[in-house]
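The structure presented is a predicted model; accordingly, all values stated were derived computationally and were not measured. Values reported hereafter were calculated over all heavy atoms of this structure, with side chains retained and with hydrogens, waters and symmetry mates removed. Convention: sequence-line order gives letters A, B, ...; per-chain numbering from 1.
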Amino acid sequence: MEKVFTGIRKMISSGREGESFDIRGWIYRTRSSGSIVFAVMRDATGIVQCTVKKSEVSSEDFEQAARALIETSVECAGRLKADARAPGGYELIVTSFRVVSFAEPFPITENQSEPFLLDNRHLWIRSREQTAIMKIKETVLGGAREWFAENGFCEVTPPILTTNACEGGTTLFPLKYFDQNAYLSQSAQMYLEALTFSLEKVFAVTPSFRAEKSRTPRHLTEYWHLEGEEAWVNNEGNMLIQEELVSHIIGSVLRKRKEELALLKRDAEGLRTVEPPFERITYERALSLLSERGMNIKWGDDFGTEEEKVLTLEAVKPVFVTNFPKEIKAFYMKEDKSDSRTYSCADLIAPEGFGEVIGGSERETDVRKMISRMEEQSIPLEPYRWYLDLRKYGSVPHSGFGLGVERLVKWVCKLDHIRDAVPFPRTPSRIYP
RNA sequence: GGCUCCGUAGUCCAACGGGCAAGAUAUCUGGCUGUUAACCAGAUGAUGACCGUUCGAAUCGGUCCGGAGCCGCCA
């Protein structure tokens, strides 16, 4: 008969003292003392101390347990026993200890530098912290998909290989596409716009690439982009969607990932207040708030890290900043009806200094306005011919936004650096492992 | 793109107004029947590369390579 293995968490929460269990996993910590070996075992669900006594197992099993280093993979059997001395309150008194594969000395030990850990990222991701972050990220993505599904959005699959040199061609990764020049996508927005003309409300989760040499705690060269696009929705409706979506995601994490948040020492109190509506302030109002606080910033300047930090100093929820001056935003945005110096757009800034998480706007529908802006900024029309076409065949008001998944995870987990929000971070100086 | 800093055992670090490269941890050996990232004793193991200054360079200077932090750009 096939052996049935029990997950460690399930075994412990069963509380069935005296019962025999088979578990399998990896050695997380090990200590030995002559004729007793304590091997703390880890699997995908939890950890438990396995106590291997010389008197309880065969001499061969004992010798293997004594020899096994951290990260050795093991299948073992034993009786569950409550013991205050064991971490977690329970231990397994081992009756059989079978090594699946011995581990060489594990390079990751107590005192480690960031560069070394990043060089060994393929091993570092086994840590409990990294595992907790990945579980939370899974819930962020799952929560988003759940909300989109409940609200009539259709998930679509835009291309990653493109020829559009979006705004600022210098930030794209170029590649050879047979005999043509192509790029890795920086945003699926334009393709999503094309899809709204049939599906009306769409979203996509795709990798996005930025070839900027940005060395900051909130930039990756490859990141996951969650983008939504909605027909018949103006900028205000766009913000309603964003605040509901973000609140739903946070709610899912608070509901399903209490243990992981606790393991990361993330105080969840601030997250609990995240419910619609989020505060909305115009760029102009933000300018005067900043100058009241002694910051020297004038119309047409974009907000930097420091400005975003100051703007959300007292906020507990994310804040929308609307109506940015046209000169600092993209050509495809729609001019604001009440303030023609600005676009109908909004950036969502996370509190506690975590910075911009979403950029969104209502899109321009007037093809002539769009073309004249492109000419002013010397953006070539030819690559965008198909995009301009969208305005010629029954254009409708529409809006959309892009959310940086890792930026959201960074805020939710209160991480120091965005690279921990992704298992294998790509930054200007790292593409290995 | 701009500014700043750092490369010493597998790893984390000390020594740097030039003179025997110290410690911690990991690993190995021995000891220990209840450890809590166990403890005790011993062992193995290192100055990023090249050039220069000097009687003598981890230490001073130059070039290169690698990495980190801050700002800009953004999600």
In this structure, are over 12 heavy atoms from other groups packed under 6.0 Å from E60(A) atom CD? no
Determine the minimum heavy-atom distance between E227(A) and Q189(A), stating which atoms define it. OE2-N, 3.4 Å
With ring pair (Phe, Tyr, Trp, His ring centres under 6.0 Å) as the rule and sequence neighbours excluded, what pairs involving residues 98-118 of chain A come up? none
Would you say whether F38(A) stacks on G34(B)? The test is a distance between ring centres of less than 5.5 Å and an angle between planes of less than 30°. no
In whole Å, what separates the P atom of C13(B) from that of G31(B)? 35 Å
When rounded to whole Å, the CD1 to P distance for the pair I70(A) and A26(B) reads 8 Å
Checking side-chain polar atoms at under 3.5 Å, does R363(A) have a donor or acceptor matched by the opposite partner on T365(A)? no
Those residues that, when tested against H219(A), pass ring-ring contact (aromatic ring centres under 6.0 Å, His included) (two or more places apart): none
Would you mind classifying the nucleic acid contact of T30(A) as base, sugar-phosphate or nothing, using non-hydrogen atoms under 4.0 angstrom? sugar-phosphate
Without hydrogens or angle criteria, can the side chains of N323(A) and D339(A) be said to hold a donor-acceptor pair below 3.5 Å? no
Counting the atoms with a prime plus P, OP1 and OP2 as sugar-phosphate, which does Q49(A) contact under 4.0 Å by heavy atoms, base, sugar-phosphate, or nothing? base
Can you check the distance between G7(B) and A43(B), where both ends of the measurement are the P atom (answer in whole Å)? 29 Å
Between C1' on U35(B) and CD on E91(A), what's the gap in Å once rounded to a whole number? 10 Å
Listed partners of K256(A) passing salt bridge (charged side-chain N to carboxylate O under 4.0 Å, His left out), at least two apart: E146(A)
Say you pick atom P in U63(B) and the same atom in U4(B); how far apart are they, in whole Å? 14 Å
Report the C-alpha separation of Y223(A) and R407(A) in whole Å, then their side-chain angles, then the decisive distance to 0.1 Å, and conclude whether the side-chain hydrogen bond (donor to acceptor under 3.5 Å, both in side chains) test is met. CA-CA 9 Å; Y223(A) 67 98; R407(A) 287 208 177 161; over 6 Å; no
Distances under 3.5 Å between nitrogen or oxygen atoms of protein and nucleotides 30-32 of chain B:
residue : atom : partner : partner atom : Å
C32(B)  : N3   : G34(A)  : N            : 3.4
C32(B)  : N4   : G34(A)  : N            : 3.2

Measure from NZ on K410(A) to C1' on A75(B) and round the result to the nearest Å. 12 Å
Does R16(A) CZ have over 12 foreign heavy atoms under 6.0 Å away? no
What is the distance from CG of D83(A) to P of G34(B), rounded to the nearest Å? 12 Å
Over 12 non-hydrogen atoms of neighbours within 6.0 angstrom of CZ in R373(A): yes
Check nucleotides 4-11 of chain B for protein N or O atoms closer than 3.5 Å to its own N or O atoms and list the pairs.
residue : atom : partner : partner atom : Å
U11(B)  : O3'  : Q112(A) : OE1          : 3.4
U11(B)  : O2'  : N111(A) : O            : 2.9
U11(B)  : O2'  : Q112(A) : OE1          : 2.5
U11(B)  : O2'  : Q112(A) : NE2          : 3.2

Rounded P spacing from G19(B) to A57(B) in Å: 11 Å
What is the separation between atom NZ on K329(A) and atom P on C73(B), rounded to the nearest whole Å? 10 Å
Distance between P atoms of U33(B) and G69(B) (Å, rounded): 48 Å
Holding to ring-ring contact (aromatic ring centres under 6.0 Å, His included), I want the full list of residues that pass it with Y343(A), two or more places apart in sequence or in another chain. none
Do any side-chain atoms of residues 25-40 of chain A form donor-acceptor pairs under 3.5 angstrom with protein atoms, and if so which ones, sequence neighbours left out?
residue : atom : partner : partner atom : Å
R31(A)  : NH2  : Q49(A)  : OE1          : 3.3

Pull out every protein N or O sitting under 3.5 Å from an N or O of nucleotides 64-71 of chain B, one pair per line with the distance.
residue : atom : partner : partner atom : Å
G67(B)  : OP1  : S429(A) : O            : 2.9
A68(B)  : OP1  : R430(A) : NE           : 3.2
A68(B)  : OP2  : R215(A) : NH1          : 3.2
A68(B)  : OP2  : S429(A) : OG           : 2.6
A68(B)  : N7   : R215(A) : NH2          : 3.4
G69(B)  : OP1  : R419(A) : NH2          : 3.0
G69(B)  : OP2  : R215(A) : NH2          : 3.3
G69(B)  : N7   : R215(A) : NH2          : 2.9

Whole-Å C1' distance, U44(B) and C28(B): 8 Å
Can you measure H219(A) atom NE2 to G72(B) atom P for me and round it to whole angstrom units? 9 Å
Sugar-phosphate only, base, or nothing, as touched by I358(A) at under 4.0 Å among non-hydrogen atoms: sugar-phosphate
Once ring-ring contact (aromatic ring centres under 6.0 Å, His included) is applied, do any residues pair with F203(A), and if so which ones, sequence neighbours excluded? F148(A)
Please give the distance between the P atoms of C64(B) and U27(B) as a whole number of Å. 41 Å
Below 3.5 Å, can you tabulate the donor-acceptor pairs from side chains in residues 291-301 of chain A to any protein atom, sequence neighbours excluded?
residue : atom : partner : partner atom : Å
S291(A) : OG   : S288(A) : O            : 3.1
R293(A) : NH1  : V310(A) : O            : 3.2
D301(A) : OD2  : K298(A) : N            : 3.0

P gap between C12(B) and G18(B), integer Å: 29 Å
Interatomic distance, I349(A) CD1 vs C74(B) C1' [rounded to whole Å]: 12 Å
Want to settle it: does A84(A) or F106(A) sit nearer the 5' end of RNA chain B, counting the closest nucleotide to each? F106(A)
ring-ring contact (aromatic ring centres under 6.0 Å, His included) involving F209(A) - partner list, sequence neighbours excluded: none
Between E229(A) and L192(A), is there a donor-acceptor pair closer than 3.5 Å when you use the side chain of the first and the backbone of the second? no
If you pin L69(A) and A86(A) to their nearest nucleotides in RNA chain B, which one's is more 5'? L69(A)
Just how far, in rounded Å, is P of A75(B) from CD of Q242(A)? 12 Å
Name the nucleic acid region contacted by K54(A), choosing base, sugar-phosphate or nothing; use a 4.0 angstrom heavy-atom cut-off, strictly under. nothing
Could you provide the dot-bracket string of RNA chain B, using ( ) for intrastrand pairs, [ ] for crossing pairs and | for bases paired to another strand, with Watson-Crick or G-U pairs below 3.5 Å? (((((((..(((......[...))).(((((.......)))))....(((((..]....))))))))))))....
